[in-house]
Amino acid sequence: MGLRSIAGFAALLALGLVQLAQAQTGMPLALVTGDDYPPFADSRLPGGGLATILVQRVIRGMGATATLEFQPWRRGYEETLRGRFDATFPYVRTAERERDFLYSEPLIRLRQVVFMSTERPFAYRSPRDLQGRRVCVALGYAPPAELQVMIEQRQVERVTPGSAASCPNMIVADRADFFVQDERIGSALVAKVGLSATIRPLSDLPFGVTEIHFIVPHQRPDAVGLIGRFNDALQRLRASDEYERLLLQ
């Protein structure tokens, strides 16, 4: 083993010992999330957004504490994978992510719909009507599984801006034809840029339902234990009236 390999192994060992000490001594968990995912995660929202409030409530229910940072989604994801953070949220399940992360039970279920321009509408009754069109999916975001397959098969062209907040403007500028998002999230993004009269959700034709999760890297010491404790506390919260009150904020 070369000196560089030894140094790398030593760094990983030291990180593992720190994380193990956190689990054993009750040190705060280090969490990260991102912006522009209203109403679930955004540093400008009260409490950091609904998912942020929910995760922090679950952490308290575990008898633990946590620190929280807001970072660009890709950076927070990669730094969690490298061990700087113990966990990140809220993420939808994908095969790629499952190779590196353990998923909690669902935090919240999302009702996804297609958003399109009122000035350049197109007929939409089912996903096959999206073929040949351009979808806006921001960097670090995962589209619904069915839409991802269509992108991979080149039935739909993916346009990838740096943030989800850019998607409404991409449609107005005719650089994309639609985006798919939870109705609450999408409507909040559209309202944020003042385009509610120009971009509309097809509320009566949901694209599908997905779920968002709290995720922990496989390589983190006691990752299985952390997810188990988180799920237990989440289940207790779901069994109480407080969970529904949080969702209705």
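For the numbers below, each heavy atom of this structure counts, side chains included, while hydrogens, waters and symmetry mates do not. In this chain, residues are counted from 1 in sequence order.
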Ile215 vs Leu102, side chain to side chain contact (heavy atoms under 4.5 Å, CB included): CA-CA, chis, key distance, verdict: CA-CA 6 Å; Ile215 60 175; Leu102 293 173; over 6 Å; no
Audit row: Leu29, Phe85, side chain to side chain contact (heavy atoms under 4.5 Å, CB included) steps and yes/no: CA-CA 8 Å; Leu29 295 168; Phe85 299 101; over 6 Å; no
Tyr37 and Tyr141: ring-ring contact (aromatic ring centres under 6.0 Å, His included), yes or no, with the steps? CA-CA 10 Å; Tyr37 199 51; Tyr141 279 63; 5.7 Å; yes
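Put simply, Trp73 and Val159 are part of two different groups of oily side chains (I, L, V, M, F, W, Y) that touch within less than 4.5 Å, one to the next. Each of Leu107 and Val209 belongs to its own hydrophobic cluster when Ile, Leu, Val, Met, Phe, Trp and Tyr are linked at side-chain heavy-atom distances under 4.5 angstrom.
Partners of Thr94 under the side chain to side chain donor-acceptor pair (under 3.5 Å) rule, at least two apart in sequence or in another chain, do not exist in this structure. With sequence neighbours excluded, the residues that form a salt bridge (charged side-chain N to carboxylate O under 4.0 Å, His left out) with Arg120 are Asp174. The side chain to side chain donor-acceptor pair (under 3.5 Å) search around Arg133 returns none, not counting sequence neighbours.
Checking side-chain atoms of Arg111 against main-chain N and O of Ser203 turns up a donor-acceptor pair under 3.5 Å. A donor-acceptor pair is defined here as one N or O able to donate and one able to accept, closer than 3.5 Å; such a pair exists between the side chain of Thr118 and the backbone of Ala197.
Hydrophobic cluster of Leu195: the remaining members, joined at side-chain heavy-atom separations below 4.5 Å, are Val113, Phe115, Ile171, Val172, Phe179, Val190, Val193, Ile199, listed by chain and number.
Side chains of Tyr103 and Arg93: no donor on one and acceptor on the other come within 3.5 Å.
Shown here is Gln235, whose CD atom has no more than 12 heavy atoms of other residues, nucleotides or ligands within 6.0 Å. The environment of Arg175 atom CZ is sparse: at most 12 non-hydrogen atoms of other residues, nucleotides or ligands sit within 6.0 angstrom. Around CD of Glu96, the count of heavy atoms belonging to other residues, nucleotides or ligands within 6.0 Å does not exceed 12.
Pairs passing the salt bridge (Lys or Arg N to Asp or Glu O under 4.0 Å) check and including a residue from residues 193-203, sequence neighbours excluded, do not occur. Among pairs with a residue in residues 41-55, those fulfilling side chain to side chain donor-acceptor pair (under 3.5 Å) read Asp35-Ser43, Asp36-Arg44, Asp42-Arg44, at least two apart in sequence or across chains.
Phe89 is not listed as a side-chain neighbour of Ile212, based on a closest heavy-atom distance of 4.5 Å or more.
Of all the heavy atoms in Ser166 and Pro161, the pair that sits closest is CB-CB, 3.7 Å. Val216 approaches Ala223 most closely through the heavy-atom pair CG1-CB, 3.8 Å. In plain terms, the two heavy atoms of Leu45 and Phe40 that are nearest each other are CD1-N, 4.5 Å. When all heavy atoms of Ser104 and His213 are compared, the pair lying nearest together is O-ND1, 2.8 Å.
No option in Arg57, Arg236, Arg238 other than Arg238 meets the side-chain hydrogen bond (donor to acceptor under 3.5 Å, both in side chains) test with Tyr243. The side chain to side chain contact (heavy atoms under 4.5 Å, CB included) test with Val135 is passed by exactly one of Asp177, Thr160, Ile151: Ile151. Test Pro143, Ser126, Pro144 against Phe207 for side chain to side chain contact (heavy atoms under 4.5 Å, CB included) and you get one pass: Pro144.
Ion pairing between Arg84 and Glu69 holds under the 4.0 Å rule for side-chain N and carboxylate O. A salt bridge links Arg109 to Glu211: one of the charged nitrogens lies within less than 4.0 Å of a carboxylate oxygen.
Note: Tyr91 and Tyr77 meet the aromatic proximity criterion, with ring centroids under 6.0 Å apart.
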